[in-house]
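The analysis underlying the following values was restricted to heavy atoms, covering all of them including side chains, and did not include hydrogens, waters or symmetry mates.
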Amino acid sequence: MSFPGMTPPIGGAPGGGATQGMTEQEQAMVKAMQSAMESCPVKTIISGGMGFALGGAFGLFMASMSYDSSFTPQGRAIADLPWREQVRQGFKDMGKRSWSSAKNFGIVGALFSGTECCIEGLRAKNDLANGVAAGCITGGILGAKAGPQAAAAGCVGFAAFSAAIDAYMRMPSD
């Protein structure tokens with residue numbers, strides 16, 4: 001499925017370019033891969049998986065920074081324990097925080113990507129409005145548990161962030 005404004009498949013226009021010189025089986029495989037990468041479920045799964053991996057790394061890094069000083073509450077609580085117990089508790093906490101952050105990033109990535117892809121399919125356009133609308137919906141869903149004001153703030157904040165990132169990504173390169 002191709003929408004106006006989208007980049008053409010690998011090799012340029014359909015039916016030419018990079019698939020020349022390939023067997024029919026190889027051409028069918030390339031076509032299947034291209035159509036899979038354009039489907040909303042695949043985009044959602046890939047974004048969720050990448051968000052999960054990034055969130056895990058981010059959570060691991062942030063958790064490792066909690067114990068760098070004995071002036072923090074975590075540092076004071078663990079400083080009086082034997083070394084082996086300090087290491088065990090530190091790794092346990094790092095795993096919990098990493099898992100929590102990975103889940104959160106994965107959910108946000110999958111939710112945003114799936115919403116944006118569905119909006120793009122409904123509008124049949126690939127422009128800045130898709131990301132802004134998807135950001136608003138995603139922010140609203142994420143803030144909904146905290147009440148209508150939080151949902152509205154999430155909508156505005158996530159839409160603004162999405163617009164800024166999308167505008168930057170769409171800037172022509174030098």
For the [atom1] atom of [X] and the [atom2] atom of [Y], what is their distance to the nearest 0.5 Å?
{"X": "Thr115", "Y": "Leu111", "atom1": "OG1", "atom2": "CG", "answer": "4.5 Å"}
{"X": "Lys43", "Y": "Glu116", "atom1": "NZ", "atom2": "CD", "answer": "7.5 Å"}
{"X": "Glu26", "Y": "Glu24", "atom1": "CD", "atom2": "CD", "answer": "11.0 Å"}
{"X": "Ser101", "Y": "Phe61", "atom1": "OG", "atom2": "CZ", "answer": "12.0 Å"}

For Glu85, give me all partners under salt bridge (Lys or Arg N to Asp or Glu O under 4.0 Å), at least two apart in sequence or on another chain. Arg88
Name all residues meeting the side chain to side chain contact (heavy atoms under 4.5 Å, CB included) criterion together with [X]; count only those two or more places apart in sequence or in a different chain, and write none if there are none.
{"X": "Ser47", "result": "Ser113"}
{"X": "Asn104", "result": "Ser100"}
{"X": "Met37", "result": "Val42, Ile46"}

Go through the structure and list residues passing disulfide (SG to SG under 2.5 Å) with Cys40, not counting sequence neighbours. Cys117
Check the pair Leu60, Arg97 against side chain to side chain contact (heavy atoms under 4.5 Å, CB included), reporting the backbone distance first and the verdict last. CA-CA 7 Å; Leu60 187 65; Arg97 288 172 139 192; over 6 Å; no
Is any side-chain heavy atom of Asn130 closer than 4.5 Å to one of Arg123? yes
Applying the 4.5 Å side-chain criterion to the ILVMFWY set and letting contacts propagate, would Phe112 and Ile119 be lumped into a single cluster? yes
Should Phe91 and Trp83 be regarded as members of a common hydrophobic cluster, given that ILVMFWY residues are connected when their side-chain heavy atoms come within less than 4.5 Å of each other, either directly or indirectly? yes
Can you tell me how the ring of Phe58 sits relative to the ring of Phe105, calling it parallel under 30°, perpendicular over 60° and tilted otherwise? tilted
Just distance, no hydrogens or angles: give the donor-acceptor pairs under 3.5 Å from side chains in residues 140-167, sequence neighbours left out.
| from | atom 1 | to | atom 2 | distance (Å) |
| --- | --- | --- | --- | --- |
| Ser162 | OG | Gly131 | O | 2.8 |
| Asp166 | OD1 | Arg170 | NE | 3.2 |

Correct closest heavy-atom pair for Glu120 and Lys125 would be CG-O, 3.2 Å
